[in-house]
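Worksheet: one structure, shown below.
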Amino acid sequence: MYAIVEENQITQYINNPKSVVIGDVIYPAKIFQLWSQSQLNEIGIYEVITDATNKKNEEYYNNTNEEYNYTDGQVIKSWQTATPKRLEDEDAKDRNGENVLDEDGNQVINYGLKTEKKRIVKQQASGLLAPTDWYVVKSTEVADYDVPANILSFRADVRAKSNEMETQIDACTTVQELEILYTYTTDDDGVQSRPLAEFPEEI
């Protein structure tokens with residue numbers, strides 16, 4: 001991405017190379033491929049530099065006030081302080097602060113990150129259990145059939161891990177703590193892991 005700077009003010013942004021008019025001169029799109037950065041700077045075209053110091057993971061934070069500034073011969077894209085997303089559920093309110101109800105008269109809930117993450121955990125556990133559900137169904141319909149021990153063990157492990165993950169999520173008191181649960185690190189042996197751990201491998 002480029003920006004055109006005239007009289008120390010950004011006047012135009014260029015997402016893709018194209019012909020541009022600066023002053024009374026028309027420059028062809030190929031200058032972006034053929035000219036050096038210093039040559040482009042001489043006519044007021046600057047490549048935008050991204051300063052992501054304040055930008056955070058959009059899964060957990062709202063990045064606010066994206067801005068572009070021309071300073072010391074550089075055009076810099078930056079953000080102001082990121083705002084953590086809501087961690088807990090809350091009752092939906094209208095502009096007057098009154099509760100918002102659904103068509104059945106029930107309170108509408110704005111779900112927080114913890115609820116959304118636990119919902120995903122439940123979906124993952126359900127997806128892991130589904131391929132072996134037929135064993136359980138068969139055991140209820142066929143009198144002399146027993147679910148294999150390894151299947152029972154796997155299904156128990158999936159449920160236990162799902163409960164453990166939800167407990168870890170519920171224990172978080174800040175968005176940062178929740179984000180850390182999902183953050184992978186690499187040990188000295190090159191093995192990646194995260195505090196939330198993983199579900200058992202499918203069988």
Side-chain angles (χ1 to χ4, degrees), residues 1-6 8-16 46-72 74-130 133 155-185 192-200:
M1 181 178 183
Y2 293 85
I4 295 178
V5 177
E6 299 177 273
N8 292 322
Q9 298 294 321
I10 300 173
T11 59
Q12 185 180 346
Y13 298 102
I14 304 169
N15 291 313
N16 298 298
Y46 294 83
E47 187 170 8
V48 176
I49 299 171
T50 299
D51 177 4
T53 302
N54 291 331
K55 187 176 183 181
K56 294 191 174 183
N57 190 332
E58 294 179 355
E59 186 174 350
Y60 303 95
Y61 296 88
N62 293 312
N63 291 296
T64 56
N65 301 321
E66 179 180 305
E67 57 187 16
Y68 296 81
N69 292 292
Y70 174 68
T71 307
D72 298 328
Q74 294 181 320
V75 174
I76 300 176
K77 174 184 177 181
S78 61
W79 292 262
Q80 293 186 13
T81 303
T83 303
K85 292 185 177 180
R86 185 176 57 257
L87 191 64
E88 306 287 352
D89 298 344
E90 66 177 16
D91 292 345
K93 305 283 186 180
D94 61 20
R95 294 180 179 178
N96 298 319
E98 300 294 330
N99 289 338
V100 176
L101 307 180
D102 63 19
E103 58 185 14
D104 296 320
N106 300 312
Q107 174 67 49
V108 174
I109 304 298
N110 291 326
Y111 295 110
L113 286 174
K114 288 163 76 167
T115 293
E116 295 297 339
K117 290 295 187 183
K118 287 189 293 182
R119 182 178 294 138
I120 292 172
V121 167
K122 286 182 171 68
Q123 290 172 346
Q124 291 172 331
S126 179
L128 287 169
L129 293 173
D133 282 347
R155 293 174 66 86
D157 289 345
V158 168
R159 290 194 175 92
K161 178 52 69 176
S162 178
N163 292 336
E164 181 183 323
M165 287 178 168
E166 291 190 47
T167 298
Q168 288 178 275
I169 291 169
D170 273 330
C172 293
T173 58
T174 66
V175 170
Q176 184 180 24
E177 289 178 359
L178 182 63
E179 183 180 12
I180 289 174
L181 282 183
Y182 288 84
T183 301
Y184 284 91
T185 56
Q192 289 189 323
S193 63
R194 62 180 185 176
L196 194 65
E198 308 289 347
F199 278 106

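Start at 1 with the first residue, then count along the sequence.
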Mind checking the [atom1]-[atom2] spacing from [X] to [Y]? Nearest 0.5 Å is all I need.
{"X": "Lys122", "Y": "Asn163", "atom1": "NZ", "atom2": "CG", "result": "8.5 Å"}
{"X": "Asn69", "Y": "Ile10", "atom1": "CG", "atom2": "CD1", "result": "6.5 Å"}
{"X": "Asn99", "Y": "Asn106", "atom1": "CG", "atom2": "CG", "result": "12.0 Å"}
{"X": "Asn57", "Y": "Thr183", "atom1": "CG", "atom2": "OG1", "result": "8.0 Å"}
{"X": "Gln9", "Y": "Ile4", "atom1": "CD", "atom2": "CD1", "result": "14.0 Å"}
{"X": "Thr174", "Y": "Leu87", "atom1": "OG1", "atom2": "CG", "result": "7.5 Å"}

For this session: Identify the two heavy atoms, one from Asn63 and one from Asn54, that lie closest to each other, and give their separation to 0.1 Å.
Result: OD1-O, 3.9 Å
Exercise. Closest heavy-atom contact between Leu196 and Ile169?
Worked result: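 Smallest interatomic distance, heavy atoms only, reads CD1-CG1, 4.4 Å.
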For [X], what residues pass the side chain to side chain donor-acceptor pair (under 3.5 Å) criterion, not counting sequence neighbours?
{"X": "Arg119", "result": "Glu116"}
{"X": "Tyr2", "result": "none"}
{"X": "Tyr61", "result": "none"}

For this session: Could you walk me through whether Leu101 and Gln107 pass the side-chain contact (heavy atoms from CB on, under 4.5 Å) test, one step at a time?
Result: CA-CA 5 Å; Leu101 307 180; Gln107 174 67 49; 4.0 Å; yes
Exercise. With side chains defined as the heavy atoms from C-beta onward, is the minimum distance between Asp133 and Arg155 less than 4.5 Å?
Worked result: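 Yes, side chains in contact.
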For this session: Could you check if a side-chain atom of Lys118 sits within less than 4.5 angstrom of a side-chain atom of Asp170, using non-hydrogen atoms only?
Result: yes
Problem set entry | For Ile180, all residues meeting side-chain contact (heavy atoms from CB on, under 4.5 Å), sequence neighbours excluded | Gln176, Pro195
Problem set entry | Inter- and intrachain pairs under salt bridge (Lys or Arg N to Asp or Glu O under 4.0 Å), touching residues 88-113, at least two apart | Arg86-Glu90, Glu88-Lys114
Exercise. When you measure from the centre of the six-membered ring of Tyr182, is the NZ or CZ of Lys117 under 6.0 Å away and within 45° of the axis?
Worked result: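 Here Lys117 passes the 6.0 Å and 45° test against Tyr182.
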Problem set entry | Test salt bridge (charged side-chain N to carboxylate O under 4.0 Å, His left out) applied to Lys161 - qualifying residues, sequence neighbours left out | Glu164
Would you find a donor on one side and an acceptor on the other, under 3.5 Å apart, between the side chain of [X] and the backbone of [Y]?
{"X": "Ser162", "Y": "Val158", "result": "no"}
{"X": "Thr64", "Y": "Trp79", "result": "no"}
{"X": "Asn62", "Y": "Lys85", "result": "no"}
{"X": "Lys55", "Y": "Ala82", "result": "no"}
{"X": "Glu66", "Y": "Ser78", "result": "no"}

Exercise. Is Tyr68 atom OH crowded by more than 12 heavy atoms from other residues, nucleotides or ligands, each under 6.0 Å away?
Worked result: yes
For this session: Could you tell me whether the side chains of Glu177 and Thr173 share a donor-acceptor contact shorter than 3.5 Å?
Result: yes
Problem set entry | Worked check of side-chain contact (heavy atoms from CB on, under 4.5 Å) between Arg159 and Leu129 | CA-CA 9 Å; Arg159 290 194 175 92; Leu129 293 173; 4.1 Å; yes
